[in-house]
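Chain letters run A, B, ... following the sequence lines, proteins first and then strands; every chain starts at 1. All figures in this text were calculated on a predicted structure; none of them were measured in a lab.
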Amino acid sequence: AQSVSQHNHHVILSEAASLELGCNYSYGGTVNLFWYVQYPGQHLQLLLKYFSGDPLVKGIKGFEAEFIKSKFSFNLRKPSVQWSDTAEYFCAVGGNNRLAFGKGNQVVVIP
Amino acid sequence: SAVISQKPSRDICQRGTSLTIQCQVDSQVTMMFWYRQQPGQSLTLIATANQGSEATYESGFVIDKFPISRPNLTFSTLTVSNMSPEDSSIYLCSAIDYRVEGYTFGSGTRLTVV
């Protein structure tokens, strides 16, 4: 079964700062990788995904993630965050018709 | 993408009772999933529900405690039976949405057992 590790559960940063959230996974098969975002009071939304091809994936709201196969990583980045990016971010690994989630990163952006 | 409506959004229940959570998808989906998110924890898959067959439960979850129904391709229910305070969690349903090549989630049910 697949597993996912996310570090630095709580992240606090100022507007315009850059954000990078780490995600490492373990899975023996072909993986599909996802980042989900959950804004306060809202449901989980797909931020971006990687299935194959270009390892640098661009998602919504200026987010991007890079798949590095040799490092089993799928880190999320945004060059300049806004207050509205305050949310919880989950990395997830799909395989064998099931999705495994990391523990999430609670990101707070201070205006 | 598919839209999933989940209800109730929250409930406070007495220990020993049961709660049934409903999940309605606005399009037909083959596979639906039920997750639990305990306070401060990640989402944990409870079971996979396919229409026309019994749900497949993950390790640590059993049908007697979490019976699931999947009567058609747009609807599923999860019952949390004989509840205890340890069952206090957020419960989410999900479905594979091939239009976005990802998984879509309901808004969750926040359950508190007292």
- Message: Less than 4.5 Å to any heavy atom of chain A: does that hold for the side chain of Leu43(B), its backbone, both, or neither?
- Response: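 Both backbone and side chain.
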- Where on Glu58(B) is there a heavy atom nearer than 4.5 Å to chain A: the side chain, the backbone, both, or neither?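 Just the side chain, heavy atoms under 4.5 Å.
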- Task: Kindly give the cluster partners of Met32(B), where membership spreads through any ILVMFWY side chain lying under 4.5 Å from a current member.
- Result: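 Same cluster as Met32(B): Ile4(B), Val25(B), Val29(B).
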- Message: Could you check, using the six-membered ring where one of them is a Trp, whether Phe105(B) and Phe101(A) have ring centers closer than 6.0 angstrom?
- Response: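 They qualify: ring centres under 6.0 Å apart.
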Taking [Y] as the starting point, is it possible to reach [X] by hopping between hydrophobic residues whose side chains are less than 4.5 Å apart?
{"X": "Ile96(B)", "Y": "Leu45(B)", "value": "yes"}
{"X": "Ile90(B)", "Y": "Trp34(B)", "value": "no"}
{"X": "Leu19(B)", "Y": "Val114(B)", "value": "no"}
{"X": "Phe33(B)", "Y": "Phe75(B)", "value": "no"}
{"X": "Val107(A)", "Y": "Leu48(A)", "value": "yes"}

Is it true that, when you exclude [X] itself, more than 12 heavy atoms of the residues, nucleotides or ligands shown sit nearer than 6.0 Å to its [atom1]?
{"X": "Ile110(A)", "atom1": "CD1", "value": "yes"}
{"X": "Glu20(A)", "atom1": "CD", "value": "yes"}
{"X": "Arg77(A)", "atom1": "CZ", "value": "yes"}

- Task: Look at Lys103(A), Gln6(A), Glu88(A) and state which one has the largest set of heavy-atom pairs under 4.5 Å with chain B.
- Result: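 The answer is Lys103(A).
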- Query: Given the options Gly106(B), Ser107(B), Ser42(B), which has more heavy-atom pairs under 4.5 Å with chain A than any of the others?
  - Reply: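 The candidate making the most pairs under 4.5 Å is Ser42(B).
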- Which value, rounded to the nearest 0.5 Å, describes the distance between Tyr35(B) atom OH and Arg98(A) atom CZ?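 Here the rounded value is 9.0 Å.
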- Message: Applying a heavy-atom distance below 4.5 Å, give me the residues of residues 34-45 of chain A that approach chain B, sorted by number.
- Response: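 Contacts with chain B: Phe34(A), Tyr36(A), Gln38(A), His43(A), Leu44(A).
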